[in-house]
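Please read these numbers as outputs of a predicted model, since none were measured by experiment. Residue numbers begin at 1 in each chain, while the letters A, B, ... track the order of the sequences.
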Amino acid sequence: MLQQTQVVTVIPYYQRFLARFPTLESLATASVEDIMPLWSGLGYYARARNLHAAAQVVITRHGGMFPETPEIIAELPGIGRSTANAIAVVCFAARVPILDGNVKRVLCRVFGIAGIPGTAALESRLWQHAEDLLPKQLPKRLPKHDLSKNMATYIQAQMDLGATLCTRSRPQCIACPLADICIAHATGRTAELPQKKSRRVAPERHATLLVIVHENRVLLETRPPVGIWGGLLSLPELPAEENAAAYVEKKFGARMLTVSPPSSRDDGFKTFLHIFTHFRLHITPLLCRVSLRPSAMEVGCFWLDLTALGTAALPTPVRRILEELRLSQPA
DNA sequence: AACTCGGGGTA
DNA sequence: TACCCAGAGTT
């Protein structure tokens, strides 16, 4: 959950998830449909599928015993080098580095590293620094079993330095224990390091989402497992150049009763903007009240009762549309 | 080696 | 608005 997602955002999701799936076995034996609702709104939904698959791999290939070496841990789906190393350090007393966003920022500043984010050259340099910096030996008085705590404390401190003092903007160098050896601090370049990612202008896209309603239920479909909102439920999209009434009848076999065009504002449905990392999506919900014809329903589609929104695996903008619809429905 | 994947916090 | 977050998988 914490991959590319801030701690404060994750906490409530984490608590709900562990309450529902308290053991690795309970997660492994669950279905993806059981898991996605708990990830709804958190984003990067491939992480949920990977976590589910990883639990099953531990059961089937490792006999229920979680692997203990960084290399084997990193073979689990969704677990890369940094996450695998973090697990190995915290759980199994390994001596391996981690490299998250916080650590990268600290290393770039302390060593005055200017490189283009995401390039192999920079990543390689940072990994090398992180490895060189690992504590080499323990204080003599510490008993051996404290090795894990010691190494775990080190990587935790490394991340916390970036999270609390060496922050992205306005770092508190005055309180930083590394200030006297920090190249960025010495040269006044804390604002320039690490280098910012050059980002292309996000392209604009538009989608018309069909809000097909019968009585108190709305028609949803499951999105394909890969791509945007993979594995989540969503509203059917009206292909460009298609007529809504004809399309709904042809594809879903449900006769349209009324349609609200985008120009109609009475239902409160307006085009709104949803921002992704790599494009901007203008969404126009199109309210279609239909007569029910379940015999002609396509596979993968189903009716969701509007009172069951809370436990549905919906992406945020779809949830927003349906919440608005629910509130506008006559009781 | 570059691109893709979501949503939200923050300045 | 722009940037980035306890990165990993895909092409």
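The base of B/dG6 lies close enough to the side chain of A/T5 for a donor and an acceptor atom to sit less than 3.5 Å apart. For B/dG8, the base has no donor-acceptor partner in the side chain of A/T9 [N/O atoms by modelled type, under 3.5 angstrom].
Mapping A/L42 and A/G118 onto DNA chain B via the closest heavy atom, the residue that lands nearer the 5' end is A/G118. Heavy-atom distances to DNA chain C give each of A/K196 and A/L99 a nearest nucleotide, and the one nearer the 5′ end belongs to A/K196. Mapping A/A74 and A/V7 onto DNA chain C by nearest heavy atom places A/V7 at the nucleotide closer to the 5' end.
Residue A/E123 is classed as having no contact, given no heavy-atom separation below 4.0 Å to the nucleic acid. Among the atoms of the strands shown, base atoms are found under 4.0 Å from some heavy atom of A/T277. Using a 4.0 Å heavy-atom distance criterion, A/P117 is classed as making no nucleic acid contact. No engagement by A/I98 is indicated, since no non-hydrogen atom pair under 4.0 Å with the nucleic acid exists. Residue contacts shown for A/R170 are absent, as no nucleic acid heavy atom lies under 4.0 Å away. Contacts of A/G41 with the nucleic acid, taken as non-hydrogen atoms under 4.0 Å apart, involve only primed sugar atoms and P, OP1 or OP2. As judged by a 4.0 angstrom heavy-atom cut-off over every strand, A/R319 is placed among residues making no nucleic acid contact.
Only the C1' atoms considered, C/dC4 is 13 Å distant from B/dG6, to the nearest whole Å. Using atom P as the reference point in both B/dG8 and C/dA8, the two lie 22 Å apart (nearest Å). A gap of 23 Å separates the C1' atoms of C/dC5 and B/dA1, to the nearest Å.
Side-chain N/O atoms of A/R47 and A/N50 include no donor and acceptor closer than 3.5 Å. Judged by distance alone, the side chains of A/Q3 and A/T83 do bring a donor and an acceptor atom under 3.5 Å apart. Side-chain contact, A/T190 with A/H185: no donor N or O sits under 3.5 Å from an acceptor N or O. For the residue pair A/S82 and A/N85, no side-chain donor N or O sits within less than 3.5 Å of a side-chain acceptor on the partner.
For A/R47 and B/dG6, the shortest distance from a side-chain N or O to OP1 or OP2 is not below 4.0 Å. Regarding contacts with the backbone of B/dG6, every side-chain N or O of A/H274 stays at 4.0 angstrom or more from both OP1 and OP2. One finds a side-chain N or O of A/W229 lying less than 4.0 angstrom from the OP1 or OP2 phosphate oxygen of B/dG7. Proximity of A/Y44 to the phosphate of B/dT4: no side-chain N or O atom is located under 4.0 Å from OP1 or OP2. Phosphate proximity of C/dG7 to A/Q4: present, with a side-chain N or O under 4.0 Å from OP1 or OP2.
Rounded to a whole Å, the CH2 atom of A/W39 is 16 Å from the C1' atom of B/dG8. Summarising the geometry, the separation between CD1 on A/I155 and P on C/dG7 is reported as 13 Å, rounded to the nearest angstrom. Here C/dC4 presents its P atom at 12 Å from NZ of A/K104, a figure rounded to the nearest Å. As rounded to whole Å, 7 Å separates atom P of C/dC5 from atom CG of A/N102. Atom CE of A/M1 is separated from atom C1' of C/dC5 by 16 Å (rounded to the nearest Å). When rounded to the nearest whole Å, the span between CZ of A/R81 and C1' of C/dG9 equals 17 Å. The distance between atom CZ of A/R49 and atom C1' of C/dA8, rounded to the nearest whole Å, is 13 Å. One can place CE of A/M159 at 13 Å from P of C/dC5, the figure rounded to the nearest angstrom.
Considering only side-chain atoms of A/Q3, the nucleotide from C/dA6, C/dC3, C/dA8 that sits closest is C/dA8. Here the side chain of A/S82 is nearest to one of C/dC4, B/dG7, C/dA8, namely C/dA8. Closest to the A/Y45 side chain, of the nucleotides C/dA6, B/dG6, C/dC3, is B/dG6. When distances are taken from the side chain of A/R168 to each of C/dA6, B/dT10, B/dG7, the shortest belongs to B/dT10. Considering only side-chain atoms of A/V8, the nucleotide from C/dA6, B/dG7, B/dG9 that sits closest is B/dG9. With B/dG7, C/dG7, B/dA1 as the choices, the nucleotide that has an atom nearest any side-chain atom of A/A120 turns out to be B/dA1. Closest approach to the A/S169 side chain among C/dG7, B/dA11, C/dG9 is made by B/dA11 (side chain taken as heavy atoms from C-beta onward). Comparing B/dC5, C/dG7, B/dG7 by their nearest atom to the side chain of A/I228 picks out B/dC5. Listed nucleotides B/dG9, B/dA2, C/dA6 differ in distance to A/T119; the shortest reach to its side chain belongs to B/dA2.
Under the 30°/60° scheme for interplanar angles, the aromatic rings of A/F276 and A/F279 are found to lie parallel.
Going from atom CG of A/L281 over to atom OG1 of A/T271 covers 10.5 Å, rounded to the nearest 0.5 Å.
Panel note: side chain A/T5, backbone A/L2; no donor-acceptor pair is recorded below 3.5 Å.
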Decide yes or no on side chain to side chain donor-acceptor pair (under 3.5 Å) for A/N150 and A/T153, but give the supporting numbers first. CA-CA 5 Å; A/N150 197 50; A/T153 300; 5.8 Å; no

